[in-house]
Amino acid sequence: MTEPDKSGSNVDPTSDNTIMEQVRDGQVAKLAILFERHHVMLYNFFLRLTGRRGPGEDLVQEVFVRILKYRATYRSESKFTVWMYQIARNAHADYLRKQKPEVPLGEQFEEPAGAEPPPADRMDAEIDAALLRRALDRLPLRKREILLLSRYENMKYKDIAELLGCSIETIKTSVHRAIRELRKIYLELQGGVS
Amino acid sequence: MNCDKIREDFADFLAGDLDEGMLREVRAHLAGCPACRTEIETLSALWTKLGVLPPEQPGPALREKFYGTLEAYLAGMEGEREKPGLGRSLSRLAARLMPRRPAYQAALALALLAVGLGGGFWLGGQRPSVKNEILALRQEVGDMRQTAALSLLRQPSSSDRLMGVNWAENVRQPGRPTVDALVRTLNEDPSVNVRLAAADALYLFAGQPGVKESLVKSLARQRSPLVQVALIDLLVSVREKRALEALKILAADEKLEPGVRQKAESGVKELSL
């Protein structure tokens with residue numbers, strides 16, 4: 001989910017940045033608004049990074065706990081989503097440090113939670129989506145991150161560049177490479193059928 | 001524009017960030033370069049597919065955990081805020097009242113200790129202003145839960161709407177908009193499961209003004225036997241006499257499923273007692 005544009009003289013009272021400023025300045029209960037706006041995308045971000053639902057949910061909780069803890073350090077000039085994903089990446093890095101690298105990443109991913117088998121007419125689409133998810137899960141971490149941020153959080157390349165500490169050109173090249181590599185893996189998973 | 005330049009602009013092309021002029025140049029190049037055209041077509045198709053990949057929903061425990069943490073943090077914040085204030089007031093008071101001679105100071109200290117012990121038992125640790133503030137903050141969090149519930153009830157996915165009903169029923173004292181949204185869900189939601197959940201949630205708020213009346217009206221418009229039976233059970237259990245007319249109509253309707261008619265008949269009997 002993206003936040004409304006804050007450019008111009010009028011400050012949008014409903015923007016993520018304004019709400020985070022209020023949280024920082026003591027209206028802590030308003031963090032619930034930011035949680036409701038971002039927790040699903042954040043969960044999917046972690047789900048695709050860790051491949052597991054349990055840690056995915058724990059990491060979302062950890063991000064919001066850290067936001068509470070470090071709320072005083074939020075600077076108005078930085079975009080809330082960039083700041084939040086900085087916290088998210090740190091939380092994920094801490095999570096990785098605690099993990100034993102015994103299972104190859106591509107093999108530990110859980111299938112999406114589907115309570116019931118899909119009807120026959122939806123089967124093809126579901127299989128295709130599952131293949132795409134698996135392909136995404138097999139991308140190297142950095143490329144996966146960039147694709148997730150640009151495609152699902154609708155982050156601008158300049159924001160991703162700020163978040164990852166590199167140039168916009170590097171991000172653009174990485175997006176191109178990542179999507180090419182994703183296609184290669186996706187085709188392999190399909191058994192070479194395009 | 002050449003092939004290298006196309007590759008440089010590819011990410012902007014995907015994100016829709018190219019201006020009209022650049023887009024024209026890209027199109028002109030693609031018209032004469034089959035290799036670039038194939039690449040851009042296949043990768044764009046994959047980019048689109050990625051965009052429509054439905055996000056997974058986290059379990060309900062995540063929300064519960066978050067709101068639990070937030071409430072605990074708010075309560076902790078209030079506790080912290082009180083401490084220095086109390087300390088400052090006490091030290092100011094002590095400075096004003098303290099006698100100059102040490103002997104009197106010791107006597108006063110003993111007397112204050114006795115008063116403190118007695119007063120401690122008497123007050124039982126109550127600090128109404130702090131409690132009121134925490135209550136107000138809890139209310140604020142409760143309001144946000146209701147906002148979340150209302151937002152979920154408007155979602156296209158039935159699992160989201162179910163979650164919205166679940167959220168609404170966990171609000172201790174829901175406001176009118178939340179109750180109205182539940183009634184609307186009960187009457188209009190396309191999913192039987194969501195309507196059933198809304199009926200259960202409204203049962204919890206049956207004491208609120210207008211809720212029982214809405215349930216009676218809803219009974220007449222429901223077409224699903226499952227929801228009809230659930231509503232009959234509910235209205236009978238809250239002993240809503242105004243449901244009698246609607247129940248009699250259902251009991252006499254031969255087009256209805258026998259199970260529903262039977263239920264309506266026994267409902268009429270129970271409410272007529």
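Proteins get letters first, then strands, A, B, ... in listed order; numbering begins at 1 in each.
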Heavy-atom contact with chain B under 4.5 Å, split by part of [X]:
X	value
Leu147(A)	side chain
Ile171(A)	neither
Lys30(A)	both

Quick one, [X] and [Y] - any side-chain contact, counting heavy atoms below 4.5 Å?
X	Y	value
Val40(A)	Glu56(B)	no
Pro58(B)	Val60(A)	no
Lys49(B)	Asp128(A)	yes
Leu70(B)	Phe35(A)	no
Leu50(B)	Leu182(A)	yes

Considering residues at least two apart in sequence or located in another chain, which fulfil the salt bridge (Lys or Arg N to Asp or Glu O under 4.0 Å) criterion with [X]?
X	result
Arg7(B)	Asp4(B)
Lys158(A)	none
Arg71(A)	none

Tightest non-hydrogen contact, residues Trp47(B) and Ile179(A), listed as CE3-CD1, 3.7 Å
Nearest heavy-atom contact between Ala11(B) and Tyr157(A) is O-OH, 2.7 Å
Please round to the nearest 0.5 Å and tell me the distance separating atom NZ of Lys172(A) and atom CG of Asp9(B).
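Going from the NZ atom of Lys172(A) to the CG atom of Asp9(B) covers 7.0 Å.
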Output for pair (Phe64(A) CZ, Tyr67(B) OH), nearest 0.5 Å, gives 9.5 Å
In terms of heavy-atom pairs under 4.5 Å with chain A, the winner among Leu46(B), Leu152(B), Val52(B), Thr69(B) is Leu46(B)
So what's closer than 4.5 Å to chain A heavy atoms on [X]: side chain, backbone, both or neither?
X	answer
Ser44(B)	neither
Phe10(B)	side chain
Phe13(B)	neither

- Message: I'd like to know whether CZ of Arg89(A) has more than 12 heavy-atom contacts from other residues, nucleotides or ligands below 6.0 angstrom.
- Response: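 It does: Arg89(A) CZ has more than 12 such atoms within range.
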Open item on the list: Check this for me: Tyr203(B), atom OH, are more than 12 non-hydrogen atoms of other residues, nucleotides or ligands nearer than 6.0 Å?
Closed with: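 No, because the 6.0 Å sphere around OH of Tyr203(B) holds 12 heavy atoms or fewer from other groups.
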Checking heavy-atom separations under 4.5 Å from chain A, one finds in residues 17-26 of chain B Asp17(B)
**Message:** side chain to side chain contact (heavy atoms under 4.5 Å, CB included) for Leu53(B) and Tyr152(A)? Distances and angles first, verdict last.
**Reply:** CA-CA 9 Å; Leu53(B) 213 54; Tyr152(A) 298 110; 3.6 Å; yes
Counting heavy-atom pairs under 4.5 angstrom with chain B, the leader among His39(A), His176(A), Arg180(A) is His176(A)
Dump the intermediate steps for side chain to side chain contact (heavy atoms under 4.5 Å, CB included) on Leu31(A) and Tyr73(B), then the final yes or no. CA-CA 11 Å; Leu31(A) 185 63; Tyr73(B) 187 89; over 6 Å; no
